[in-house]
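Structure first, then comments.
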Amino acid sequence: MAPMGIRLSPLGIAVFCLLGVGVIYHLYAGVLSSRFASFRQKSTVDLRDLLALSIEAAELGGREVKRIREDNTLEEKSKGKTKEGANDMLTMGDLNSHRKMFYLIKNTYPHIQVNSEEHDNAEGEATIWTRNIPKDILEKVSEGKEVSAERITVWIDPLDATQEYTENLRKYVTTMVCVAVDGDPVIGVIHKPFTGYTAWGFVGEGASVAPRASYNTNSPKVIVSRSHSGTVKKFAQTAFGNNTEIIPAGGAGYKVLALLDPKDEEHEKADIYIHVTFIKKWDICAGDAILKSVGGQMTTLKGDQINYSGSEGNTGGLLASIKTDHKSLVKRLPNLEEN
Ligand SMILES: Nc1ncnc2c1ncn2[C@@H]1O[C@H](COP(=O)(O)O)[C@@H](OP(=O)(O)O)[C@H]1O
Ligand SMILES: [Mg+2]
Ligand SMILES: [Mg+2]
Ligand SMILES: [Mg+2]
């Protein structure tokens, strides 16, 4: 009961209660938001969804790459030099593709780690995944695979073979997305913007691309970089003989496809892929995952698996092969430092 002489108005009680709620909200807002944040961190991602999204991202970025090449609005410049002194090129194709690819993935799954080769300070694009899962994925990957978000690292190369893109060597150009789980390459997508072809692989589940019927690894045709080659020609000839056929080509994505049987325009055919200079994880992760998904391998030149978490660089070189004894190939390679 109210003390004598004091009358409680309903409006006063309502204002008092609102103030109380405001004070409690203020006190607990920090606690609640950190609870929500930790809930988001703990959330899971379906890898089959992430494969479909990765394909959508690679194709969306690819449209920018193609448009800018056709409009001849590359505005090419150098980002600096690589460790070996080659020009590290950047064009509007790389940047626009990055904006499309990065924000499509980030807006759909804000809590997963996405590492892109390119960066920009502009406002992000407000795109989001259509949630469409292509029929061939539904056929090959029968059910969803939930993985907690903090185990995932996504690597994006918005335009691979930028050097060749500036030279209008269109066949070498790809866009790539890779999903690593606990550092292992699990999903790879390589898309060719100028033909519209897309190759994907999901380790343990299936792939859209197959190996060729056979490979010659006694005297292999070796595909290598044309613009970051270092000593690779001598290295391959020391390993496999002076008559070894060397195929210089642009793009790490292109060179992985040259080991397979892509149902695309005429593609060079190689037996193994060797790279001896420094290279970044967004260049190689998608190819590694696709090769693994069809029984191939990509390792350092010493035969070690590459971990796709943490830092962006790979210093041990690359050896990629398929349908062969990869370990015995490693044994035939000379020591990189001595070479
Ligand atoms: N020594 C090096 N240092 C940095 N990046 C390298 C490199 N060698 C190759 N790369 C990158 O790996 C990709 C394939 O190279 P290559 O065509 O020479 O085989 C290219 O990616 P980008 O075009 O995405 O930059 C290239 O820049
Ligand atoms: Mg680059
Ligand atoms: Mg690249
Ligand atoms: Mg690139």
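We count ligands from 1, going down the list as the structure has it; atoms in each ligand are counted the same way.
With values rounded to the nearest 0.5 angstrom, L53 atom CG is found 6.5 Å from Y109 atom OH.
K233 NZ: 12 or fewer foreign heavy atoms inside a 6.0 Å radius.
Between H119 and H98, the ring planes are tilted. Angles from 30° to 60° get that label. Ring geometry for Y172 versus Y254: interplanar angle over 60°, hence perpendicular rather than tilted (30 to 60°).
Of the N and O atoms on the side chains of E56 and T130, at least one donor lies less than 3.5 Å from an acceptor on the other residue. Between the side chains of W200 and D136, a donor-acceptor pair is found at a separation under 3.5 Å.
No donor-acceptor pair under 3.5 Å is formed between the side chain of K171 and the backbone N or O of T195.
Across all their heavy atoms, C178 and A289 have their closest contact at SG-CB, 4.5 Å.
Listed by chain and residue number, the protein N/O/S atoms under 2.8 Å of the Mg ion (ligand 4) are E117 OE1, D157 OD1, L159 O, with waters left out.
Considering D264, L260, L291 as possible partners of V209, the one that fulfils the side chain to side chain contact (heavy atoms under 4.5 Å, CB included) test is L260.
The contact shell of ligand 1, taken as protein residues with any non-hydrogen atom closer than 4.0 angstrom, comprises T82, E84, E117, D157, L159, D160, A161, T162, S225, S227, H228, G250, G251, A252, K255, H275, T277, F278, I279, D283.
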